[in-house]
Amino acid sequence: MTSPLFRTKKVEQSILDTEEPEHALKKSLSALDLTVFGVGVIIGTGIFVLTGTVAKNNAGPAVALAFVTAGVVCALAALCYAEFASTVPVAGSAYTFSYASLGELPAWIIGWDLVLEFALGTAVVAVGWSGYIQSLMGNAGWEMPAVLGSREGSDGFGFDILAAVLVLVLTGILVLGMKLSARVTSLVVAIKVTVVLVVIIAGAFFVTADNYDPFVPKAQPVEAGNNLDSPLIQLMFGWAPSNFGVMGIFTAASVVFFAFIGFDIVATAAEETKNPQRDMPRGILGSLLICTVLYVLVSIVVTGMQHYSRLSVDAPLADAFKATGHPWFAGFISFGAAVGLTTVCMILLLGQTRVFFAMSRDGLLPRFFSRVHPRFKTPHRPTILLGVVIAVLAGFTPLNELAALVNIGTLFAFVIVAISVIILRRTRPDLHRSFRTPWVPFLPIVSVAASLWLMLNLPAETWVRFAVWMALGIVVYFVYSRSHSRLARGEETTAGDVMRPPGHDTR
């Protein structure tokens, strides 16, 4: 007999659960909406900040190849996500996929992982947005009081009120409905992409060929104490990652991978998509392709405008234009970054609430949070709860050292989804798959290997923090979730349940 820890939830049951009147999300999204969501969350601080950091410290002009490498790793995972999201169009993304293939405990672990990933990601981005806004205010002669502008006021106490307010406002927008969220995102993404295109087109006129020499700088050992010096790689392979050279490109790829986080969040909106079988693959793969092209072009332009050794770490694009005698572009880029980060924050919050909602609908979290708003048909309870928690987190907590957890959490989800594709192909070959990941099991295996490789490039401290969070999650599972699971209680949705009128308690 199969262990209760690895009991799986049938795909048909997951889909049937989405039709319960009190727990059904409104279907309102198109392929364009999904693509906009993907572009909206992927293009953020990565393109405005990480380009200079990894070019100067790890890859030189070959940072473009680092973006391509990270993009390929994401593309391998995206193909797996596309098959699952179109076959199992249910909120929850990797959590739902693993519940249908690996079992309840692995599903809980990945859901617990995603809750941390999206929460930290939202808070980190909100703090970054606050920094850009305060910089723009400073240029206009307005200064925020220290106690309200950062987490370290003059007396040691501070609260980043701008970051907290942003999260709360976006929480309200998400409660009011997905279509409104999509409209707001479309407007902001249009502004953000325009800024990126202006940077590419205008910057191309200031490119100097000599700045590309050498394109791949000579390899150098990583300096002691560098946060990219991964003891895990040294332990397993006997060598340390390099700054520059071919290995420097891979080290850089593990860093710029943060810039690609987000396409997987598109999968969390599968349940709210009008035609998920057709539109989910288009949204996931389309947004990833668009952003990869933009990232590569920006990195080529900025390293051509200014020699990689002189690039700024904090604001490489803006400072590159200043170095060429065009300071006006610096303010324009900062404005685009500030505007663009709003969508990143909102879609990360969207992804977290949908995972939380799916887990509560299955009973692994309190079912109280699985009720949708009677008018807006959104999961308002978890949205409000998580919005408030993240607002406080963004206002009070220093998050720089925890940001790497977002990377390892996402890569872990990639591994789980790739493995789940292989398993479900074997256990449920009868399922209709409108999109099929090519070359199974070869491609998912390559996806797992590539994701694990990038994980190994992360600092050992990140692995320790990740392990602590996972251990805490396992404790919560055995204390609460295992006994409250709907599968454990033998509760299933039937056609009769679906036909019951709104207001009937299906518990």
Side-chain angles (χ1 to χ4, degrees), residues 39 42-71 128 131-132 135-136 138-139 189-220 228 243-246 248-249 251-253 255-260 289-341 344:
V39 174
I42 296 173
I43 297 182
T45 51
I47 199 168
F48 295 109
V49 177
L50 289 182
T51 303
T53 302
V54 295
K56 187 173 184 176
N57 298 331
N58 303 105
V63 63
L65 299 181
F67 275 113
V68 171
T69 301
Y132 274 109
S135 175
L136 291 173
N139 294 339
V189 168
I191 297 173
K192 180 162 53 176
V193 172
T194 299
V195 171
V196 173
L197 291 176
V198 167
V199 169
I200 295 172
I201 296 171
F205 289 97
F206 309 122
V207 168
T208 302
D210 291 343
N211 289 331
Y212 293 126
D213 186 21
F215 188 76
V216 181
K218 186 178 179 180
Q220 302 173 9
L228 298 178
N243 283 330
F244 308 115
V246 174
I249 296 174
T251 303
V255 180
V256 300
F257 175 81
F258 180 84
F260 285 93
L289 176 61
I290 291 171
C291 293
T292 301
V293 171
L294 291 177
Y295 278 1
V296 170
L297 291 176
V298 166
S299 61
I300 290 175
V301 167
V302 73
T303 53
M305 292 175 64
Q306 190 175 25
H307 195 268
Y308 74 89
S309 61
R310 296 192 297 271
L311 283 174
S312 163
V313 173
D314 296 326
L317 301 186
D319 290 346
F321 276 101
K322 288 181 181 179
T324 58
H326 298 82
W328 178 85
F329 282 100
F332 180 69
I333 292 170
S334 295
F335 168 76
V339 171
L341 289 181
V344 179

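Hydrogens, waters and symmetry mates are skipped; everything else that's a heavy atom, side chains included, is used. On a predicted model such as this, the values are computed, not experimentally measured, just so you know.
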Search all heavy atoms of [X] against all heavy atoms of [Y] and return the closest pair with its distance.
{"X": "Leu311", "Y": "Gly52", "answer": "CD1-CA, 4.3 Å"}
{"X": "Pro61", "Y": "Asn211", "answer": "CG-O, 3.8 Å"}
{"X": "Gly248", "Y": "Ala59", "answer": "O-CB, 4.3 Å"}
{"X": "Phe67", "Y": "Phe260", "answer": "O-CZ, 3.4 Å"}
{"X": "Val256", "Y": "Ala66", "answer": "CG2-O, 3.8 Å"}
{"X": "Val302", "Y": "Ala320", "answer": "CG2-CB, 3.9 Å"}

Considering only distance and modelled atom types, tabulate donor-acceptor pairs under 3.5 Å from the side chains of residues 190-206, sequence neighbours left out.
unit_1, atom_1, unit_2, atom_2, d
Lys192, NZ, Gly40, O, 2.6
Lys192, NZ, Ile43, O, 2.6
Lys192, NZ, Gly340, O, 3.0
Lys192, NZ, Thr343, OG1, 2.9
Thr194, OG1, Ala190, O, 2.7

Inset, instruction - On the 0 to 90° scale, with breaks at 30° and 60°, tag the Tyr212-Phe215 ring pair as parallel, tilted or perpendicular. - result: tilted

Legend entry - Of all pairs that satisfy side chain to side chain donor-acceptor pair (under 3.5 Å), the ones with a partner from residues 298-311, not counting sequence neighbours: His307-Ser309

Legend entry - CG-CZ distance between Leu317 and Phe329, expressed to the nearest 0.5 angstrom: 12.0 Å

Legend entry - From Ile333 atom CD1 to Trp328 atom CH2, the distance as rounded to the nearest 0.5 Å: 9.5 Å

